[in-house]
Amino acid sequence: MNEMYRQGDVLLVRIDPPNLSQAEPMPEEGGRVVLAHGEATGHAHTIEADYATLYMVDGAAILHLERAATLAHEEQAPIELPSGDYSVVRQRVYSES
């Protein structure tokens, strides 16, 4: 089973290294890689950018970590992530209203 890490509405699933040679890195924000902005508070799920890169590959967000990193958020506990590649899934609450 793949390793998974969840922080609020962001789920990271460890994946085999993808071919990123043709992928464009997403721009950093203030020296950080932003995985998601909060819908209500504006807080963000972030990783220091000097060893992390976020790519879009066929419409999917892929996080590449050259070394272990900390996933941070202003209102949630930090999560330590091992180096590697992760699929970034934004989880949302379903409402029929």
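Applying the side-chain hydrogen bond (donor to acceptor under 3.5 Å, both in side chains) test to pairs two or more places apart or on separate chains, those with a residue in residues 62-72 are H64-D85, T70-E80.
When side chains are defined from C-beta on, V10 counts as touching V88, because their heavy atoms get closer than 4.5 Å. Looking at H45 and H37, their side chains never come closer than 4.5 Å, going by heavy atoms from C-beta outward. E28 is not listed as a side-chain neighbour of E48, based on a closest heavy-atom distance of 4.5 Å or more. Under the 4.5 Å side-chain criterion, counting only non-hydrogen atoms from C-beta, V33 is not in contact with T46. M56 places a side-chain heavy atom less than 4.5 Å from the side chain of M26. Counting heavy atoms from C-beta on, the side chains of T53 and L20 never come closer than 4.5 Å.
The main-chain N or O of A44 is found under 3.5 Å from a side-chain atom of E74 such that the two form a donor-acceptor pair.
Shortest non-hydrogen contact noted between L65 and P82 is CD1-O, 3.6 Å. Across all non-hydrogen atoms, the minimal contact from Y51 to A68 is CE1-O, 3.7 Å. Annotation for A23 and Y55: closest pair CB-CD2, 3.7 Å, computed over non-hydrogen atoms.
With sequence neighbours left out, R32 forms a salt bridge (Lys or Arg N to Asp or Glu O under 4.0 Å) with no residue at all.
In this structure, CD in Q7 is found 8.5 Å from CG in L12, a value given to the nearest 0.5 Å. Taken from NE2 in H73 to NE2 in H43, the straight-line distance is 6.5 Å, to the nearest 0.5 Å.
A perpendicular orientation is assigned to the rings of Y86 and Y5, their planes being inclined by more than 60° (bins at 30° and 60°).
If you chain together hydrophobic residues whose side chains sit under 4.5 Å apart, L54 and L81 fall into the same group. When the side chains of ILVMFWY residues are joined at heavy-atom separations under 4.5 Å, either directly or via intervening members, L35 and I79 end up in a single hydrophobic cluster.
For the side-chain contact (heavy atoms from CB on, under 4.5 Å) with S87, the qualifying choice from I15, L63, L11 is I15, the only one to do so.
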